[in-house]
Amino acid sequence: MKIKELLTPILFMLIVKALPAQQAQVGARLNKVFAADQFRFPADSIDFKKIKVQKLRSLIFPATMITYGFVALGSKALKNFDNELKEDIWIDHPHRTIKIDNYLQYTPAALVYSLNIIGIKGRHSLRDRTMIYLMSNAMMGITVNSLKMITRVQRPDGFGTNAFPSGHTATAFVSAEFLYQEYKNISPWYGVAGYTMAAATAYLRMYNNRHWFRDLLPGAGIGIVSTKIVYWIYPAVQRRIFKLRPSNTMVMPYYQNGVAGFSLVHTFN
């Protein structure tokens with residue numbers, strides 16, 4: 001079996017395994033899982049121990065991806081696997097690079113704002129979802145850039161020693177988990193779409209000869225974990241920092257004339 005034929009199930013695994021809801025049984029049981037999240041139960045009826053266990057379990061797969069990356073840094077066999085992938089994708093089939101991954105990494109997050117604009121509301125308000133997205137990217141960025149400076153892994157194309165882990169992949173999976181968390185109570189397919197785009201971003205990093213396979217998995221894992229953690233801690237941020245007061249300031253992502261960034265809007269009373 002060719003190496004490229006192995007990538008399809010690997011990337012599909014990234015999409016499916018990273019989505020907790022997608023691991024449930026299909027049909028009626030899946031609908032019950034999502035419907036259950038829409039109810040609010042009295043505090044004394046909540047099994048907090050069970051909730052903590054479920055949260056920890058949801059970290060198993062992204063933690064495994066991160067572990068793979070660190071193991072691969074010192075594994076001759078896994079490095080040989082990376083070289084075989086590069087040979088099959090790049091050397092045996094030379095091609096021009098494409099830049100769509102520079103934009104695709106942000107697309108799931110952009111969908112969150114687009115869906116809200118057309119009236120399909122997510123879990124949080126504009127202020128809260130924007131703060132969650134910014135905090136997730138900050139946590140991911142600090143982690144990824146710190147690891148890049150520590151590991152100094154050379155890129156497969158030879159340009160730069162900041163390959164590990166993949167920042168594009170981490171950003172894409174922050175974005176995908178953000179979309180999933182905001183719309184998991186509406187439909188699981190939003191999450192599937194987001195993770196498909198994130199997995200495509202990861203593949204394109206190898207297709208463009210900018211990353212080894214060992215750079216992609218930890219990038220994806222860090223992106224997922226960062227977003228999950230922010231969603232868990234954000235209620236405390238609301239209570240202790242914002243004190244649930246209305247905000248006159250909004251931060252919104254924008255894209256115009258090939259330039260992406262954030263805009264700050266403040267209303268003075």
Side-chain angles (χ1 to χ4, degrees), residues 7-24 30 33-34 37 55 57-66 68-69 100-116 120 122-124 128-141 143-144 165-207 211 213 215-232 234 253 255 260 262:
L7 285 178
T8 299
I10 291 173
L11 292 177
F12 179 76
M13 179 181 67
L14 275 176
I15 299 168
V16 175
K17 288 293 186 180
L19 279 169
Q22 300 308 309
Q23 299 175 44
L30 183 61
V33 170
F34 282 93
D37 289 339
K55 286 183 177 180
R57 285 179 177 175
S58 71
L59 295 178
I60 292 176
F61 189 74
T64 302
M65 291 193 287
I66 295 171
Y68 174 92
I100 189 174
D101 49 330
N102 292 332
Y103 311 100
L104 191 61
Q105 60 182 323
Y106 301 110
T107 304
L111 278 176
V112 173
Y113 291 92
S114 299
L115 289 168
N116 275 272
I120 305 176
R123 287 173 59 184
H124 293 91
D128 291 336
R129 65 174 174 267
T130 301
M131 286 301 301
I132 289 171
Y133 184 57
L134 291 175
M135 290 171 63
S136 299
N137 276 282
M139 184 177 296
M140 174 276 295
T143 305
V144 167
S166 168
H168 278 66
T169 303
T171 300
F173 277 84
V174 163
S175 191
E177 181 68 15
F178 176 55
L179 174 62
Y180 165 67
Q181 290 290 341
E182 286 297 310
Y183 285 95
K184 65 180 181 179
N185 293 339
I186 306 298
S187 171
W189 295 108
Y190 291 115
V192 172
Y195 270 94
T196 299
M197 288 183 279
T201 301
Y203 174 77
L204 287 172
R205 299 309 288 163
M206 286 194 301
Y207 181 85
H211 278 288
F213 182 72
D215 304 330
L216 306 181
L217 293 185
I222 291 169
I224 295 169
V225 170
S226 297
T227 310
K228 283 183 179 295
I229 290 176
V230 170
Y231 267 92
W232 295 343
Y234 191 71
Y255 178 79
F262 291 92

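Contact check for Ile132 versus Gln181: no side-chain heavy atoms found under the 4.5 Å cut-off. Side chains of Ile222 and Phe173 form no contact here, defined as non-hydrogen atoms less than 4.5 Å apart. In this structure the side chain of Tyr183 reaches within 4.5 angstrom of the side chain of Val112, judged on heavy atoms. Inter-residue side-chain proximity for Met65 and Tyr68 is flagged as unmet; no heavy-atom pair is nearer than 4.5 Å.
Shown here for Arg129 and His124, the closest heavy-atom pair between the two residues is NH1-O, 3.0 Å. Contact detail for Ser58 and Pro62: the closest heavy-atom pair is O-CD, 3.5 Å. Nearest heavy atoms, Leu216 versus Ser166: CD2-CB, 4.0 Å. Contact record, Gly167 with Val144: CA-CG1, 4.1 Å, taken as the closest heavy-atom pair. The shortest heavy-atom contact between Pro108 and Gly194 is CG-O, 3.8 Å.
Of the N and O atoms on the side chains of Ser136 and Tyr231, not one donor lies less than 3.5 Å from an acceptor on the other residue. Between the side chains of Asp215 and His211, at least one donor N or O lies within less than 3.5 Å of an accepting N or O.
Side-chain N or O atoms of Ser226 include none that pairs as donor or acceptor with a backbone N or O of Gly223 at under 3.5 Å. Formation of a donor-acceptor pair under 3.5 Å by the Ser175 side chain with backbone atoms of Thr171 is not found in this model.
Note that CD1 of Ile186 is 8.5 Å distant from CD1 of Ile120, once rounded to the nearest 0.5 Å. With rounding to the nearest 0.5 Å, the separation of OG1 in Thr107 from CD1 in Ile100 is 7.5 Å. Atom CD of residue Glu177 and atom CD1 of residue Ile229 lie 11.0 Å apart, to the nearest 0.5 angstrom. The CG atom of Leu179 sits 11.0 Å away from atom OG1 of Thr227, with the distance rounded to the nearest 0.5 Å.
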Given the rule in the side chain to side chain contact (heavy atoms under 4.5 Å, CB included) test, do Glu182 and Leu115 qualify, once you have shown the distances and angles that lead to the verdict?
CA-CA 10 Å; Glu182 286 297 310; Leu115 289 168; over 6 Å; no
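When the options Tyr195, Tyr133, Tyr190, Tyr234 are evaluated for a ring-ring contact (aromatic ring centres under 6.0 Å, His included) with Phe178, the one that passes is Tyr133. The one candidate from Thr201, Asp101, Asn102 that meets the side chain to side chain donor-acceptor pair (under 3.5 Å) condition with His168 is Asn102.
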